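To start, the structure itself, in structure tokens.
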Amino acid sequence: MNWITNYVRPKINSLFSRREVPENLWSKCPECGTMLFHRELADNLNVCTSCDHHMAITPRARFEGLFDGGIFAEVKVPEPVADPLQFRDQKRYPDRMKAAQKATGEREAMLVAEGEIGRTPVVAAAQDFSFMGGSMGMYVGNAIVAAAERAVQMKRPLILFSAAGGARMQEGILSLMQMPRTTVAVQMLKDAGLPYIVVLTHPTTGGVTASYAMLGDVQIAEPGALICFAGPRVIEQTIREKLPEGFQRAEYLLDHGMLDRVTHRRALREELITLTRMLLALPPAVKGDLPPPEPEAAATAATADPAEAPAEAEPAKS
Amino acid sequence: MNYLEFEKPLAEIEGKAEELRAMARQNKGMDVEKEAAALDRKAADMLKDLYKSLDPWRKCQVARHPDRPHCRDYIDALFTEYTPLAGDRNFADDHAVMGGMARLDGRPVVVIGHEKGHDTKTRIERNFGMARPEGYRKAIRLMDLAHRFGLPVITLVDTPGAYPGKGAEERGQAEAIARSTQKCLEIGVPLVSVIIGEGGSGGAVAFATANRIAMLEHSIYSVISPEGCASILWKDAEKMREAAEALRLTAQDLQKLGVIDRIVAEPLGGAQRGRADTIAAVGKAIETMLKELSGRSPERLVRDRREKFLAMGQKGLAA
């Protein structure tokens with residue numbers, strides 16, 4: 001027993017032992033505490049295999065699970081002016097952006113893609129909560145407008161997965177103006193007679209809930225998702241009383257008539273296929289394993305084949 | 001007269017002048033007018049100085065001043081035959097939102113606005129101007145009415161934000177706000193909006209998605225209150241001065257950003273020191289904005305409104 005055994009050796013051991021179990025191979029379910037192997041978790045769409053808790057999923061991972069054969073093409077989003085207010089809190093906004101881009105490997109908090117689900121051509125947009133809380137600024141607004149314009153151009157439905165803490169404060173009033181801007185995007189789909197389906201995921205709050213996320217033709221939520229305008233903490237501070245169990249969770253909203261459905265992430269793809277095909281007056285999807293689509297053939301079919309286009313896709317207004 | 005924190009030195013001088021005059025009234029023969037007039041001049045200079053360049057946080061305080069004219073005052077002074085129409089046909093009538101039909105210069109219109117109340121009793125009754133879903137649904141109903149009968153809509157915005165309460169959430173606060181914004185974008189009649197005090201976040205957008213938007217000189221319009229922003233980004237609610245600065249929530253900044261169309265000047269010392277003049281100036285601004293839109297077809301009004309918001313903010317502060 002000396003200085004070496006008591007101090008140096010444990011220190012060295014701890015240095016090495018850290019490398020033996022890289023933490024990214026296993027994640028702990030925040031709900032039940034089960035350790036989940038990364039591959040198993042990814043195969044289950046980031047849903048805990050033990051308690052069905054729905055964890056966050058990146059837009060890319062979601063699209064890989066959603067589109068036929070995991071094939072999709074990104075829809076280009078116009079770049080907004082960077083840091084429009086020259087905003088600075090404890091950090092400069094451009095620094096926060098860079099940090100978020102580095103941490104996520106993504107450009108911004110929303111990804112827009114087009115492809116087929118159950119051989120039904122759709123446009124999809126998904127918000128990335130890991131990118132600055134999914135917050136809605138000019139880019140997210142541009143993404144939703146681009147998604148709607150693409151959907152109208154291709155006469156396809158739009159499926160939107162929301163996840164956000166709300167508006168991006170660093171863009172001040174311009175983030176607030178995304179509420180009317182994205183509502184205009186929803187109007188474009190409405191005018192074109194195209195379905196707009198919203199899937200609310202955990203969490204969807206603030207100005208995002210109070211604009212495009214609540215204006216879907218069909219409103220679906222993932223189990224346990226927090227969906228609200230004002231967050232539970234703000235409400236507790238205002239009314240000074242404890243809120244009931246499950247308040248503002250997906251199931252609670254369903255009970256209060258604010259949603260059409262609460263659907264497990266694994267069942268979501270099938271449900272979206274069923275709903276979009278009915279809304280587009282298409283025959284039911286063929287169940288079972290389809291051969292993966294040939295991207296080129298699919299793309300031309302979507303534009304050239306009138307049978308694939310929805311009957312009510314002609315502009316409703318003259 | 002209520003004084004704001006930064007007006008304390010002014011309060012002292014004005015108080016002294018008032019005291020002198022009160023003394024003179026009691027003791028005849030005492031001549032204080034000269035001294036009192038000197039104090040008046042000093043106060044006037046100080047007022048001019050204070051309001052020459054209000055910083056954003058001071059503007060927030062002026063925008064929330066309890067003596068500022070509120071929605072009700074504007075409706076009483078500017079409109080005739082105001083006939084309030086109540087209720088959302090679903091759950092309740094929200095007293096935080098006033099609305100109904102009225103005549104503006106003889107022309108029938110629909111007017112909608114947030115009302116904060118002017119004393120403890122009315123403030124509680126009006127819920128401090130914080131609307132619940134019923135308020136937005138009442139507004140939606142009134143905008144629909146205006147659309148069907150071709151009446152222009154005028155909205156007066158003055159709210160700290162939508163009410164963050166349990167019942168409001170259960171009844172779909174977010175959905176109500178989203179639908180109200182959507183209705184603003186759908187109606188085929190002129191829609192003009194004036195932010196007369198506080199334009200608090202989504203609760204303001206739901207009324208202010210208009211063809212023309214004006215703001216009073218010392219009013220504010222923001223995505224979040226400076227206090228709220230400070231507690232989130234600075235982790236310290238006391239940093240509201242910095243937050244107010246960073247958020248660019250003043251009428252002057254918002255005009256630079258292209259978010260609003262015009263600024264309505266306030267009398268020296270703010271709207272609370274010249275209520276009648278302020279109300280008249282707002283009335284003039286509304287008439288001008290309506291005139292700009294007159295003769296436009298319903299389709300054009302809808303298209304203009306959508307294009308306005310689609311184009312908004314594309315250039316940032318360089319606009």
Side-chain angles (χ1 to χ4, degrees), chain A residues 80-90 138 141 145 166-181 183-188 204-215 227-232 234-235 237-239 241 243-244 247-248 252-253 256-258 317, chain B residues 161-166 168-179 181-182 184-186 199 201-206 208-209 221-224 228-230 232-235 239 242-243 246-249 253-254 257 259 299 302 305-310 312-319:
Chain A
V81 59
D83 192 15
L85 306 187
Q86 289 139 37
F87 193 97
R88 188 194 176 113
D89 50 85
Q90 287 167 310
M138 292 285 295
V145 172
R168 186 169 295 169
M169 276 175 287
Q170 290 88 345
E171 293 184 20
I173 192 77
L174 296 181
S175 66
L176 191 66
M177 288 304 117
Q178 303 316 307
M179 290 174 65
R181 267 188 100 219
T183 307
V184 174
V186 176
Q187 293 296 105
M188 293 176 188
T204 299
T205 71
V208 169
T209 323
S211 56
Y212 58 89
M214 270 292 165
L215 295 173
I227 302 158
C228 59
F229 180 63
V234 176
I235 297 174
Q237 277 165 10
T238 311
I239 63 173
E241 59 178 277
L243 292 167
F247 183 66
Q248 297 179 321
Y252 196 92
L253 265 80
H256 283 80
M258 291 300 146
K317 280 172 89 177
Chain B
Y163 184 62
K166 182 168 164 273
E169 288 288 323
E170 283 172 347
R171 296 191 299 277
Q173 184 74 287
E175 196 260 0
I177 292 171
R179 295 266 175 230
T181 312
Q182 191 176 42
C184 284
L185 287 163
E186 279 173 354
S201 194
V205 170
T209 305
Y221 190 10
S222 180
V223 64
I224 186 170
C229 179
I232 296 171
L233 289 182
W234 278 263
K235 316 260 182 273
K239 296 279 188 211
E242 286 86 340
L247 281 167
R248 314 258 178 194
L249 42 64
D253 274 339
L254 295 179
L257 285 163
V259 171
E299 295 75 30
V302 172
R305 216 178 289 132
R306 290 186 189 181
E307 281 168 6
K308 175 191 174 84
F309 283 92
L310 273 183
M312 200 170 270
Q314 295 297 346
K315 291 180 191 141
L317 270 181

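Bear in mind that the values here come from a model prediction, so they are computed numbers and not experimental data. Just so we're on the same page: letters track the sequence lines, and every chain starts at 1.
- With contacts defined as side-chain heavy-atom distances shorter than 4.5 Å, the pair Pro180(A)/Val205(B) qualifies.
- Looking at Met258(A), the atoms closer than 4.5 Å to chain B (heavy atoms on both sides) all sit in the side chain, from C-beta outward.
- For Val208(A), no part lies near chain B; criterion is any non-hydrogen pair under 4.5 Å.
- Summarising the geometry, atom OG1 belonging to Thr209(B) is positioned 13.0 Å from atom CZ belonging to Arg181(A); distances are rounded to the nearest 0.5 Å.
- Pro80(A) does not touch chain B: none of its heavy atoms, backbone or side chain, sits under 4.5 Å away.
- Considering CD1 of Ile224(B) and CE of Met169(A), their distance stands at 5.0 Å, rounded to 0.5 Å.
- Within the model, atoms CE of Met177(A) and CG of Leu257(B) stand 10.0 Å from one another, a figure rounded to the nearest 0.5 Å.
- Residues satisfying the salt bridge (charged side-chain N to carboxylate O under 4.0 Å, His left out) test with Lys166(B), not counting sequence neighbours, are Glu170(B).
- Applying the ring-ring contact (aromatic ring centres under 6.0 Å, His included) criterion to Phe87(A), with sequence neighbours excluded, gives no partner residue.
- Contact of Ser211(A) with chain B is made through the backbone alone, with heavy-atom distances under 4.5 Å.
- Using a 4.5 Å cut-off between heavy atoms, Gln90(A) contacts chain B through both its backbone and its side chain.
- Screening Leu243(A), Ile235(A), Leu253(A) against Glu169(B) for a side chain to side chain contact (heavy atoms under 4.5 Å, CB included) leaves a single residue, Ile235(A).
- In this structure, no portion of Tyr212(A) lies under 4.5 Å from any heavy atom of chain B.
- Separating the CG atom in Leu174(A) from the CG atom in Leu254(B) is a distance of 8.5 Å, to the nearest 0.5 Å.
- Contact of Gln86(A) with chain B is made through backbone and side chain together, with heavy-atom distances under 4.5 Å.
- Rounding to the nearest 0.5 Å gives a distance of 11.0 Å between CG of Leu247(B) and CG of Leu176(A).
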